[in-house]
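What follows is a short report on a single structure.
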Amino acid sequence: MSVEDQLELIRRGAVLVENEEELRAKLALGRPLRIKHGADASSPRLHLGHAVQLRKLRQLQEMGHEVIFLVGDFTARIGDPSGKSQTRPLLSAEQVEANAARFAAQAAKILDMDRARVEFNSRWLGQMTFADVINLASRATVARMLERDDFAIRFAENRPISVLELLYPLVQGYDSVALEAYIETGGTDQTFNFYQARTLMRSYGLEPQCFITMPLLEGTDGHEKMGKSLGNTIDLLDTPAEKFGKVMSLPDTLLTKYLLLCTDTPEVEIEELGRGLADGTVHPGQLKRRLAREIITLYDSAEEAREAEREFDIRHKPGTDVSALERVAEEVRLPARVFAEPMWIVGLLSACGLVKTNSEARRMVQQGAVRIDGERVEDEAAEVLVREGLIVAVGKRRVARIVREA
RNA sequence: GGGGAGAUUCCCGAGCGGUCAAAGGGAGCAGACUGUAAAUCUGCCGGCGAAGCCUUCGGAGGUUCGAAUCCUCCUCUCCCCA
């Protein structure tokens, strides 16, 4: 692939390529380039936000470059105090190891992991003496650190910034020094750290890395960046049905962004579709269905994508009958004794795991969310005769089919 | 080192010594509506088979018939001065 072709592919979806001239020169070397990417081993489930990053790496991998996942095991064991999650638990070496393995297993859905390398920053950070740390710290200033938005805002709002946090960009930058990275990729939230790395690399007499930042994908709420703590993720390990429903719940405004970042749809086609949405010739609902199918096809299969769409229609089309509900129900095993006599509706919902507490069960009944074999139950004192195959539904999304336990 | 401010339910935030399971907002959940799990409107939003009771307002003690509210000590955060 020619240098210009590579550059064009690299630019797809990217917010910033720093610095394009330098990158062109590196690509022109015509050999595999070391690419550093910080692996987020802290979250057990990768989501589409991670996928945006991983897909960019896959592109680079396909161009023949060498991807290195950097696991911040050293830093994870110290604990990351960044911003809101100050009580993030410190991880043991074993936990970090396990997380990294889980990350790699999921990343394999996107990348060729046989051709990727996993590194742990304890390898070099663990060797450093305090003198080395002071040497490192001497290469940066507080004023530069406070240029970072997050710090500037918190400083202005009198919110805490620990000294450790100021050290983090330096540590990350030093990782680039240690790896002698040619290119680093990451989210736009890493821009500051990436620039810091370039400065540090120069200071250590290395050629500064180029970097590519990708947008942070908004989650299912449509506003906030996708993240586990916000509960707005679409996970790679979500079932096809879950993926479909979650994609359908995205606001229409995110359609083209998702197509660009989460699918292989050609950019010219995305532009066309965007115009179609604007002038009304493209139906957003239909396009969203297509988006959902493509995403599921990518991570599961085309067949599962079709099945997920069918299930979605069963759940949401009006006049859904019991036999259809049956198809989307989760099996719930109940002990044989509850089949003997009528069971209190609230207890049944709890037993099926459809609600967390009896109070929640009562509320669901009161609000008309509960259906037994398709029949709405609105009396919270109701007794239900439990039988094999009974369909118990709470709202549209929680459906159980009773199975007698042997 | 000195002085000041603060810590409230998932998050932000209001709380007069009794009427506080604790205002309001956000998130979440449900119902209606919809191409959609979007938007909008409405309701719910600690737990208990619901009567009343139990646990909750940084931690530990104390005052009081009664404490999220008062006192003491402790932990943590922020500000000002040195």
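Atom set for the values below is all heavy atoms of this structure, side chains included, hydrogens, waters and symmetry mates excluded. In what follows, every chain begins at residue 1, and chains take the letters A, B, ... in the order their sequences are listed. Predicted model only: the values in this text are computed from it and were never measured.
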Worksheet item: Under 6.0 Å from the CD atom of A:E331, do we count more than 12 heavy atoms belonging to anything else shown?
Response: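 Counting neighbours around CD of A:E331, more than 12 heavy atoms of other residues, nucleotides or ligands fall under 6.0 Å, so yes.
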
Consider only side-chain N and O atoms of [X] and [Y], and report whether a donor and an acceptor are under 3.5 Å apart.
X      : Y      : result
A:T129 : A:D132 : yes
A:Q59  : A:K56  : yes
A:S176 : A:K36  : yes

Quote, to the nearest angstrom, the [atom1] distance that separates [N] from [M].
N      : M      : atom1 : answer
B:rG24 : B:rC71 : C1'   : 31 Å
B:rC16 : B:rC80 : C1'   : 31 Å
B:rU42 : B:rG46 : C1'   : 23 Å
B:rC33 : B:rA38 : C1'   : 12 Å
B:rA67 : B:rG59 : P     : 16 Å
B:rA14 : B:rA23 : P     : 14 Å
B:rC20 : B:rG28 : C1'   : 23 Å
B:rU19 : B:rU69 : P     : 13 Å

Discussion item. Using a 4.0 Å heavy-atom cut-off, does A:G222 contact any base of the nucleic acid, only the sugar-phosphate backbone, or nothing at all?
Written reply: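 No contact.
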
Practice prompt. Determine the contact category for A:E383: base if any of its heavy atoms lies under 4.0 Å from a base atom, sugar-phosphate if only primed atoms, P, OP1 or OP2 are that close, otherwise nothing.
Written response: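 Result for A:E383 = base.
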
Fill in: Close approaches to RNA chain B from residues 285-297 of chain A, in residue order (heavy atom, under 4.0 Å)
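Correct list: A:G285, A:K288.
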
Fill in: Within residues 392-402 of chain A: residues closer than 4.0 Å to RNA chain B (heavy atoms)
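The answer is A:G395, A:K396, A:R397, A:R398.
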
Item to complete: Grab the two heavy atoms, one from A:V67 and one from A:L57, that are nearest each other, plus how far apart they are.
Response: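 The answer is CG2-O, 4.0 Å.
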
Discussion item. Between A:C262 and A:L217, is the side chain to side chain contact (heavy atoms under 4.5 Å, CB included) condition met? List the steps.
Written reply: CA-CA 9 Å; A:C262 300; A:L217 195 64; 3.7 Å; yes

Discussion item. Among B:rG31, B:rC45, B:rG49, which nucleotide has an atom closest to any side-chain atom of A:R376?
Written reply: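 Given the options B:rG31, B:rC45, B:rG49, the side chain of A:R376 is closest to B:rG31.
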
Nearest whole Å is fine: how far is [N] [atom2] from [X] [atom1]?
X      : N      : atom1 : atom2 : result
A:M248 : B:rA37 : CE    : P     : 8 Å
A:E360 : B:rG49 : CD    : P     : 14 Å
A:M364 : B:rC45 : CE    : P     : 10 Å

For nucleotides 23-27 of chain B, print each protein N/O atom paired with a nucleotide N/O atom at under 3.5 Å, atom names and distance only.
none

Fill in: Contacts of type ring pair (Phe, Tyr, Trp, His ring centres under 6.0 Å), residue A:Y204, not counting sequence neighbours
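Listed in chain order: A:Y174.
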
Pair partner, [N] [Watson-Crick or wobble, under 3.5 Å]:
N      : result
B:rG28 : B:rC44
B:rU34 : none
B:rA5  : B:rU77
B:rC70 : B:rG62
B:rG17 : none

Worksheet item: Can we say A:E272 and A:R275 salt-bridge, meaning some charged N sits less than 4.0 Å from an Asp/Glu carboxylate O?
Response: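 The answer is no: the pair does not qualify as a salt bridge.
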
Discussion item. Does this structure show an ion pair linking A:R198 with A:E22, if we count only N-O contacts that are shorter than 4.0 Å?
Written reply: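 Looking at A:R198 and A:E22, the cut-off is met.
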
Worksheet item: In terms of ring plane angle, is the pair A:F244 and A:F312 parallel, tilted or perpendicular, where the classes change at 30° and 60°?
Response: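 Tilted: the ring planes of A:F244 and A:F312 meet at 30° to 60°.
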
Worksheet item: Would you find a donor on one side and an acceptor on the other, under 3.5 Å apart, between the side chain of A:R289 and the backbone of A:E309?
Response: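 Between the backbone of A:E309 and the side chain of A:R289 there is no qualifying donor-acceptor contact (under 3.5 Å).
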
Worksheet item: Applying the salt bridge (charged side-chain N to carboxylate O under 4.0 Å, His left out) test to A:K246, which of A:D235, A:D238, A:D221 qualifies?
Response: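 It is A:D238, the one option of A:D235, A:D238, A:D221 that forms the salt bridge (charged side-chain N to carboxylate O under 4.0 Å, His left out) with A:K246.
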
Any protein N or O atoms within reach of nucleotides 52-57 of chain B? Criterion: under 3.5 Å, listing atom names and distances.
none

Worksheet item: Counting just side-chain N and O atoms, does A:T357 come under 4.0 Å of either OP1 or OP2 of B:rG47?
Response: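 Checking A:T357 against B:rG47: at least one side-chain N or O falls below 4.0 Å of OP1 or OP2.
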
Item to complete: May I ask you to evaluate whether A:S359 reaches the phosphate of B:rC48, defined as a side-chain N or O under 4.0 Å from OP1 or OP2?
Response: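 Yes, such a contact exists.
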
Discussion item. Show every ring pair (Phe, Tyr, Trp, His ring centres under 6.0 Å) that has at least one partner inside residues 346-399 of chain A, sequence neighbours left out.
Written reply: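 Counting only pairs at least two positions apart or across chains, no ring pair (Phe, Tyr, Trp, His ring centres under 6.0 Å) contact touches residues 346-399 of chain A.
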
Item to complete: Answer yes or no: side-chain N or O of A:R363 and base N or O of B:rA30 forming a donor-acceptor pair under 3.5 Å.
Response: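 No.
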
